[in-house]
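Since the structure comes first, as C-alpha cells, the remarks are kept for the end.
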There are 2 protein chains.
Amino acid sequence: MTQDVDLARTSGDDTLGRLAADRDLLGRAGTAQRVAEVLRDRIAEGALPPGTRLSEQALGAALGVSRNTLREAFRTLVDNRLVVHEMNRGVFVRMLDPDDVTDIYAVRRALEGTGLRAVCTAPPERIAALHAAVAGGEAAAELGDWAEVGTADLRFHRALVALAGSPRLDEYMTRLIAELRLAFLAMPSARALHEPFLRRNREIVDLLAGGDFDGATVVLDRYLDDACEMICAAMRMDGA
Amino acid sequence: MTQDVDLARTSGDDTLGRLAADRDLLGRAGTAQRVAEVLRDRIAEGALPPGTRLSEQALGAALGVSRNTLREAFRTLVDNRLVVHEMNRGVFVRMLDPDDVTDIYAVRRALEGTGLRAVCTAPPERIAALHAAVAGGEAAAELGDWAEVGTADLRFHRALVALAGSPRLDEYMTRLIAELRLAFLAMPSARALHEPFLRRNREIVDLLAGGDFDGATVVLDRYLDDACEMICAAMRMDGA
DNA sequence: CTTGTGGGATTGTTCAACAATAGCCTAACC
DNA sequence: GGTTAGGCTATTGTTGAACAATCCCACAAG
C-alpha cells in the first residue's frame, strides 16, 4: 500500500519542515505550560479580573492539577507580569497603575519606532501584513465589530514591530500586549478605545507607502501619546 | 527613651520610602527564587557551561532543595532564556548560535538607540553614571584588570538604556546581558573581547557631551556591528 | 483607638510514589 | 553490515499528603 520511499531524501517540497512546525502544537507541552496558557487566556478575556486572588487549592481543583504543577504555571505568569506573587499571601491578577501604562507605552514607542525605521529593509510580505491589518480593522469597523477592530489594531502594531525582523522584539511586543490587556479591561467600551485610532493606522501605512518615514513616526508617536493618556485618564476616573 | 512621634506624619525626610526599598533586600525571597539566582550566577560565571544538563536529582541534592522547588526555579530560568527545557529530557544550559547573537545585538541597537535619543531629556545623574562607567573602564584597563573592563563596559551600555527612564527597558537590557554572557563564555580572552571597544565608549560620551547625537549613534551602531561580528566569528571558529 | 492574642486558613517546602518517556544495550533479522 | 525490534534502566512528569511558617481576622484587654 504505502510507497517505500525515504522521506528525508525525496521531499522536494518542505514537508518535513512543516511537520516539525506542527510538533509543538500537538501534545508536546507539559501540564504546567498548558495551565499557564489557560490562565493567560482567562485573564486576557477578563474572566479573572485584576486583583483576583488565585487560590492554589481552588484553582488546582477546578483545573484538575496538583498544587505543585499549578505553582510552576504561576512562575511563568509572574515572569510575564500578568500576576504578582506576594510572599506567604499568594498570587493575584496584576493591577496596573497609570505609571505602568505610561511605561508600557514608552516601550511601545521604542519597539514600534524600531520597526518603523526598519521598513526600508523589510521583506514585502511584512509590508503586506501591515496593510492587511489596517484593511481588516476598517472592515470590522464597517460591520460594527469593535472587538475585532481591537484585535486588528493590535495585529497592526505587532506587524509594525515585526518589520524589524527580530524574534526577541516580536516576543517583547507579544508579552507587552498581553500585559496591556489588563489595562484595556478597565476601559468602558471597546469602541471608545479603538475607534479613534483607526484613522491613525491608515495614515501611518499611507505615509509609509509614500516614503514619508518621518511623517509616519510623528503620527505614530501622537497615536501612542493619545492612547496612553486616554487609558490613564480612564484609570484615574475609575480609581477615584 | 524613644521619642513618641508618628513616623508616618512627621517624616519630612523620606524615611519610610527608603525603608520600603530595603524590604525586598532582606529575607523576603522564597527558596525557588534564591535557587534561580544561584543558578543564574553559576551559569554567568561559566561554572555551568552551555550544554550542561541540569539533573534534578543531582542539583537538588547539591543545593539541598526538593525537586519541586528546583523545577519552579527552572521555570524562571527558561523564561530568562538561560536554559532550555526539552520535554522528558530535562533542562540544559542554553547554547547560543550566531543567529541568537545577531538577534541579541539587534535588540541592543533598538534599546541603546532609544536611550541615546532620550539623552536630552535625561536627568543629570544618569548622564553622570554614563561618564563614570567609561572612566571606570579606562581605569581598570590601566591596571590590566580585563574582567573589570568587561563589567564596566556592560555598566556603560546599561546606563545608556537607563537614559530612557523606563523600568521595563532596563529589565530587558539586564536580561539581555545575562543571556549575552553565554556567548562571552565562548570567547578566548576577556581582553580581546573588551579592549577594542574602550575607545568607542569614550567616543560616544564625548560626542554626546558635545551635543552630536547623530555622531554618537553612528559610533554606537558601528560598535554593536563589530562586537556582534567578532563574537559570531569566534563561535563559528569554535563550532568547526 | 491602639495593642496583644488565639484560631483558622493558606502558602512554602519537602517527601514518597507512580506513570511515562528517552537512551542504551542486546539480539534477531534481511 | 546495517537495521529493526524488544527490553532494561535512569530520569523526568505529576500527583497526593504531610508539616512548618505565615498571614488574616475576630476578639479581648489596656
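Computed from heavy atoms alone, side chains included, the values below leave out hydrogens, waters and symmetry copies. Note on naming: letters A, B, ... go to the chains in the order of the sequence lines (proteins, then strands), and numbering restarts at 1 for each one.
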OP1 or OP2 of C:dT13 less than 4.0 angstrom from a side-chain nitrogen or oxygen of B:T31, does that happen here? yes
Do other residues, nucleotides or ligands put more than 12 heavy atoms under 6.0 Å from B:M230 CE? yes
Within the supplied structure, the quantity of interest is the number of heavy atoms (other residues, nucleotides, ligands) at a distance under 6.0 Å from A:E229 CD; does it exceed 12? yes
For the pair made of [atom1] in [X] and [atom2] in [N], what is the distance, rounded to whole Å?
X     : N      : atom1 : atom2 : value
B:L70 : D:dT12 : CG    : C1'   : 12 Å
A:F74 : C:dT13 : CZ    : C1'   : 16 Å
A:R67 : D:dG13 : CZ    : C1'   : 18 Å
B:E72 : C:dT14 : CD    : C1'   : 12 Å
A:Q57 : C:dT11 : CD    : C1'   : 11 Å
B:M87 : C:dA20 : CE    : P     : 13 Å
B:E56 : D:dT11 : CD    : C1'   : 8 Å
A:R53 : D:dC23 : CZ    : C1'   : 10 Å

Listed nucleotide nearest any side-chain atom of [X], set [options]:
X     : options                : value
B:T69 : C:dT13, D:dG13, D:dT15 : C:dT13
B:S55 : D:dA18, D:dT15, D:dT12 : D:dT12
A:R71 : C:dG12, D:dT12, C:dC15 : C:dG12
B:N88 : D:dT15, C:dT11, C:dT21 : C:dT21
A:H85 : D:dT12, C:dG12, C:dT14 : C:dG12

Are B:E171 and B:R175 within salt-bridge range, i.e. N to O under 4.0 Å? yes
Check this for me: does any side-chain nitrogen of one of B:R81 and B:D100 sit under 4.0 Å from a carboxylate oxygen of the other? no
Of A:G90 and A:N68, whose nearest nucleotide on DNA chain C comes first from the 5' end? A:G90
Which is true for A:G60 with a 4.0 Å heavy-atom rule: it touches a base, it touches only sugar-phosphate, or it touches nothing? nothing
Between A:F184 and A:H194, what is the ring plane arrangement, given parallel below 30°, perpendicular above 60°, and tilted in between? perpendicular
Using only heavy-atom distances, decide whether a donor-acceptor pair under 3.5 angstrom links the side-chain of B:R89 to the base of D:dG13. no
